[in-house]
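Step one of this worksheet: look at the structure below.
Labels below follow one simple rule: chain letters A, B, ... track the order of the sequence lines, proteins then strands, and each chain is numbered from 1. Only a predicted model underlies this, so the values are computations on that prediction, with no experimental measurement involved.
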Amino acid sequence: MPMKKTPPGKILQILERTYPDAKCTLVYRNPLHLLVATILSAQCTDERVNKVTPGLFRKYRTAEAFARSGQSELEKHIHSLGFYRQKAKSIRACCQSIVDDHGGDVPDRMEDLVKLAGVGRKTANVVLNEAFGEAAIAVDTHVLRTSNRLGWINTREPVKAEFQIMELIPEKWWPRFTMLMIFHGRNCCTARNPNCAACPVARHCPY
DNA sequence: ATCCCGAGGG
DNA sequence: CCCTCTGGAT
């Protein structure tokens with residue numbers, strides 16, 4: 001049973017009109033700051049991350065500074081974000097690797113990024129995209145869910161989803177696609193009670 | 001009560 | 001595939 005699927009182009013246009021300023025709301029764009037901020041953003045909002053990062057980056061300016069930081073010291077800064085023990089541990093180990101293996105600079109290759117503690121494919125793609133200007137699709141739960149519902153893909157595996165979506169969409173659109181789908185997934189095509197009545201692309205959606 | 005723009009581990 | 005990790009917003 002092939003599911004009905006509308007080519008992405010038109011849908012992306014509609015979403016672009018609906019969410020014209022969907023964009024990464026993390027404040028920092030230099031690689032180290034964005035990497036740390038993205039690790040911190042797991043399971044909490046960007047607004048909450050943006051609230052602690054100014055003080056955090058005033059205290060720890062380099063990967064070496066983070067690597068040297070004390071576990072409990074770092075935890076205090078990020079306590080309000082949740083998962084603070086793992087996040088602190090990840091950031092310290094991650095920055096130690098950046099110092100040891102990359103001369104203190106955040107690596108700019110996926111292969112190297114995903115080896116860093118606390119950095120998965122999603123985080124790596126955010127950094128590649130927003131800090132290094134590389135076209136990428138960061139597959140989070142929203143991208144995965146909305147893409148499946150629209151019938152563009154049929155898999156729950158993020159890596160498969162990433163490559164299948166890349167086949168479907170011109171590279172130029174990859175970053176916009178990511179942000180639009182995340183926005184759409186948050187505000188309309190939610191996991192539990194999707195607001196299909198108000199959905200701008202409901203006509204094109206087999207879900 | 002319930003949910004959240006993940007990653008690591010069993 | 002399942003589980004855990006956490007505080008805060010709603």
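- Distance OH (Tyr84(A)) to P (dC4(B)): 23 Å, rounded to an integer number of Å.
- Counting only N and O atoms by type, the side chains of His102(A) and Asp105(A) include no donor and acceptor under 3.5 Å apart.
- Per the geometry, CD belonging to Glu130(A) stands 12 Å off C1' belonging to dC5(B), to the nearest Å.
- Ring geometry for Phe66(A) versus Phe57(A): interplanar angle over 60°, hence perpendicular rather than tilted (30 to 60°).
- dC5(B) and dC1(C) are spaced 23 Å apart, taking the C1' atom of each and rounding to whole Å.
- Candidate nucleotides dG7(C), dC4(B), dA7(B) were compared by shortest atom distance to the side chain of Thr123(A), and dA7(B) ranks first.
- Contact annotation: Arg85(A) side-chain N/O to dT6(C) OP1/OP2 distance is under 4.0 Å.
- In this structure, Lys160(A) atom NZ and dC1(C) atom C1' are separated by 14 Å, rounded to whole Å.
- When each of Ile11(A), Leu150(A), Ile165(A), Val139(A) is checked for a side chain to side chain contact (heavy atoms under 4.5 Å, CB included) with Met181(A), only Leu150(A) meets the rule.
- Following rounding to the nearest Å, Glu162(A) (CD) and dC5(B) (P) show an atom-to-atom distance of 19 Å.
- Note: CD (Glu75(A)) to P (dC5(C)) measures 14 Å, nearest angstrom.
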With the criterion being N/O to N/O and under 3.5 Å, what pairs connect the protein with nucleotides 8-10 of chain C, and how long is each?
residue, atom, partner, partner atom, Å
dG8(C), O4', Arg48(A), NH2, 3.2

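- A donor-acceptor pair is defined here as one N or O able to donate and one able to accept, closer than 3.5 Å; such a pair exists between the side chain of Asn148(A) and the backbone of Thr155(A).
- To the nearest whole angstrom, the two P atoms, one in dA7(B) and one in dG8(C), are 22 Å apart.
- In this structure, CG of Leu144(A) is placed 13 Å from P of dA7(B), rounded to the nearest angstrom.
- Looking only at side-chain heavy atoms (C-beta outward), Phe132(A) and Pro107(A) stay at 4.5 Å or farther from each other.
- A donor-acceptor pair under 3.5 Å links the side-chain atoms of Asn125(A) to the main chain of Ile137(A), judged by distance alone.
- A distance-only check finds no donor-acceptor pair linking the side chain of Arg121(A) to the backbone of Ala138(A) [under 3.5 Å].
- Panel note: side chain Arg29(A), backbone Leu34(A); no donor-acceptor pair is recorded below 3.5 Å.
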**Request:** Would you sort out whether Glu73(A) and Lys59(A) count as a salt bridge (charged side-chain N to carboxylate O under 4.0 Å, His left out), showing the intermediate values?
**Result:** CA-CA 11 Å; Glu73(A) 193 71 33; Lys59(A) 180 160 184 177; 2.6 Å; yes
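- Looking at Thr53(A), its side chain never comes within 3.5 Å of a backbone N or O of Leu56(A) through a donor-acceptor pair.
- For the P atom pair drawn from dT6(C) and dG10(B), the interatomic distance equals 16 Å after rounding to whole Å.
- Listed for the Asn195(A) side chain is no donor-acceptor partner under 3.5 Å among the backbone atoms of Cys188(A).
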Any protein N or O atoms within reach of nucleotides 2-4 of chain C? Criterion: under 3.5 Å, listing atom names and distances.
none

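- Although no hydrogens or angles enter the test, the distance criterion places a donor-acceptor pair under 3.5 Å between the side chain of Lys87(A) and the main chain of Ala42(A).
- The side chain of Phe83(A) has dC5(C) as its nearest neighbour among dC5(C), dA7(B), dC4(B).
- Following rounding to the nearest Å, Lys87(A) (NZ) and dC4(B) (C1') show an atom-to-atom distance of 10 Å.
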Taking N or O atoms only and anything under 3.5 Å, show me the protein contacts with nucleotides 8-10 of chain B, one pair per line.
residue, atom, partner, partner atom, Å
dG8(B), OP1, Gly118(A), N, 2.9

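- OP1 or OP2 of dC3(B) sits under 4.0 Å from a side-chain N or O of Arg192(A).
- Regarding Leu40(A), its CG atom lies at a distance of 15 Å from the C1' atom of dC5(C), rounded to whole Å.
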